[in-house]
Amino acid sequence: MSQPSASLHAHQSAYQTLLTERAGLEALSAALNGPLGQSFDHAVHIIYACTGRLAVTGIGKSGHIGRKIQATLASTGTPSLFIHPAEAAHGDLGMLAEGDLILALSNSGETAELAAILTYAARRNIPVIAITAIADSALARAASLTLLLPRTPEACPMGLAPTTSTLMQLALGDALAIALLERRNFTAEDFGTFHPGGRLGAQLRPVHELMHTGDALPLGSPNLPLQDVILEMTRKTFGCMGVINDEGALCGLITDADLRHALLGNLHTTTARDVMNHKPITTTPSTLAQDALRQMNARSKPITSLFVLDQKQHPIGIVHLHDLLRAGLR
């Protein structure tokens, strides 16, 4: 009978943890309306103008948060690396070069392991941006700019385990990454360049990387007899045929469903023009794969192929649902 009460206690503990951490985030949001906001704007300007790389550093829980912040920055267009403070004192300081910038994390600002990096930065005139909660700490005094976190209770009932403080570090790091992303006009295509692997990479690939081109395209003129339309569709195996006018622009589309209706008529006298859809759904070479899949599924009766058109409405490719699935989309 003791298990239900223990479970209830755990639930209450989790609820209190989230309340405490939410209060920390609310305090951080409020602080951005004051001096922290001014420092944040300055930090974004400095990082954006940096001609080298942003070196993120921290140890313990701050180090783990720093690694995540650095990874987010790198994937959103800010050249960056992570330097472990202990390894820095044993040779990794050589990773820092002229034009670089340091982002150092320590809630107390008194982390002894950061001393080597801060001393090296001072000697080489490498600017340091600090994220800390103590304004008069050693880290804040050594920094060129300090992003001062509000003093809020840790979720740990003993006030010892870094919880609320690391959450605020992470949130502020995410805010930096997003502000820089927007400052750089970083696009989904740019994001895809840095994320070529996995499902995310597949979603961000442009259609022109997946489409079939050249002789693979099922195409015919409006005057093509229906029996020849059937042959073209059979040879190309996309379940459709694009109809092009004398200028080579797509003016219609014939699908398997259109053919089934047309088979009730005369195959010899019926032409492509008689059965084609005059307003087919198409896409462009730069359309992201995820958006092409969304186009296919947007209709009450999903479609399986999209013609890819250039600016003159000429078909330059075709992408099939199977191409998107093979690329990793679901």
Side-chain angles (χ1 to χ4, degrees), residues 17 20-21 24-25 27-28 31-32 35-36 39-40 42-44 46-47 50 52-74 78-97 100-177:
T17 295
T20 304
E21 293 192 338
L25 291 179
L28 180 62
L32 284 169
L36 176 59
S39 298
F40 185 88
H42 192 193
V44 170
I46 292 173
I47 298 172
C50 178
R53 295 173 299 175
L54 178 64
V56 183
T57 189
I59 201 162
K61 304 303 183 292
S62 292
H64 295 309
I65 297 299
R67 286 185 184 276
K68 192 276 176 185
I69 291 173
Q70 183 273 319
T72 301
L73 287 163
T78 297
S80 56
L81 68 150
F82 181 84
I83 298 182
H84 192 285
E87 297 296 338
H90 293 276
D92 278 4
L93 285 172
M95 298 167 69
L96 295 170
D100 286 348
L101 180 65
I102 294 173
L103 177 64
L105 287 76
S106 170
N107 189 54
S108 70
E110 299 295 342
T111 304
E113 290 85 352
L114 291 176
I117 291 180
L118 297 178
T119 300
Y120 184 83
R123 289 176 179 171
R124 296 299 182 96
N125 294 317
I126 299 174
V128 175
I129 298 174
I131 296 180
T132 181
I134 309 299
D136 61 349
S137 62
L139 174 58
R141 292 195 300 270
S144 310
L145 177 67
T146 297
L147 300 178
L148 192 64
L149 300 174
R151 300 291 298 276
T152 59
E154 300 285 8
C156 169
M158 297 176 290
L160 298 176
T163 46
T164 309
S165 59
T166 49
L167 180 61
M168 289 192 295
Q169 288 178 342
L170 178 60
L172 194 60
D174 284 343
L176 275 174

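Numbers here are sequence positions counted from 1.
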Do any side-chain atoms of residues 136-150 form donor-acceptor pairs under 3.5 angstrom with protein atoms, and if so which ones, sequence neighbours left out?
from   : atom 1 : to     : atom 2 : distance (Å)
Ser137 : OG     : Ile134 : O      : 2.9
Ser137 : OG     : Ala140 : N      : 3.2
Arg141 : NH1    : Asp136 : O      : 2.4
Ser144 : OG     : Val128 : N      : 3.3

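A distance of 5.5 Å separates CG of Leu54 from CG of Leu103, quoted to the nearest 0.5 Å. Interatomic distance, Ile131 CD1 to Ser39 OG, rounded to the nearest 0.5 Å: 11.5 Å. Remark: Met95 CE to Ile83 CD1 distance equals 5.0 Å, nearest 0.5 Å. The structure places CG of Leu93 at 6.0 Å from CD1 of Ile117, a figure rounded to the nearest 0.5 Å. Here the CG atom belonging to Leu170 is positioned 11.5 Å from the OG atom belonging to Ser165, to the nearest 0.5 angstrom. Atom CZ of Phe82 and atom NE2 of His64 lie 9.0 Å apart (nearest 0.5 Å).
Residues forming a salt bridge (Lys or Arg N to Asp or Glu O under 4.0 Å) with Lys61 (at least two apart in sequence, or on another chain): none. Every side-chain contact (heavy atoms from CB on, under 4.5 Å) that Ala177 has, sequence neighbours left out, goes to Thr72, Leu73, Thr76. For Leu32, the side-chain contact (heavy atoms from CB on, under 4.5 Å) partners two or more places apart in sequence, or in a different chain, are Leu36, Phe40. Partners of Thr132 by side chain to side chain donor-acceptor pair (under 3.5 Å), not counting sequence neighbours: none found. Remark: Ala116 engages Ala89 in a side-chain contact (heavy atoms from CB on, under 4.5 Å) (not counting sequence neighbours). Under the side-chain contact (heavy atoms from CB on, under 4.5 Å) criterion, Glu21 pairs with Thr17, Ala155, Thr163, Thr164, Leu167, sequence neighbours left out.
Residue pairs meeting the side chain to side chain donor-acceptor pair (under 3.5 Å) criterion with at least one member in residues 79-93, sequence neighbours excluded: Gln70-Ser80. The stretch residues 111-131 participates, sequence neighbours left out, in these side chain to side chain donor-acceptor pair (under 3.5 Å) pairs: Ser106-Thr111, Tyr120-Arg124. Within the structure, salt bridge (Lys or Arg N to Asp or Glu O under 4.0 Å) pairs that include any residue of residues 145-166 do not occur (at least two apart or interchain).
A side-chain donor-acceptor contact under 3.5 Å links Asp100 to the backbone of Arg53. In this structure a side-chain-to-backbone donor-acceptor pair under 3.5 Å is missing from Thr78 to Ala74. No side-chain donor-acceptor contact under 3.5 Å links Arg67 to the backbone of Ser62.
Considering every non-hydrogen atom in both Thr57 and Pro85, the closest pair reads OG1-CG, 3.4 Å. In terms of heavy-atom proximity, Lys68 sits nearest to Asp174 at NZ-OD1, 2.8 Å. The minimum heavy-atom distance linking Ala171 with Leu25 is given by the pair CB-CD2, 3.7 Å.
Between Leu101 and Ile46 there is a side-chain heavy-atom pair separated by less than 4.5 Å.
Each of Leu105, Leu172, Leu176 was scored for a side chain to side chain contact (heavy atoms under 4.5 Å, CB included) with Ile69, with one residue passing: Leu105.
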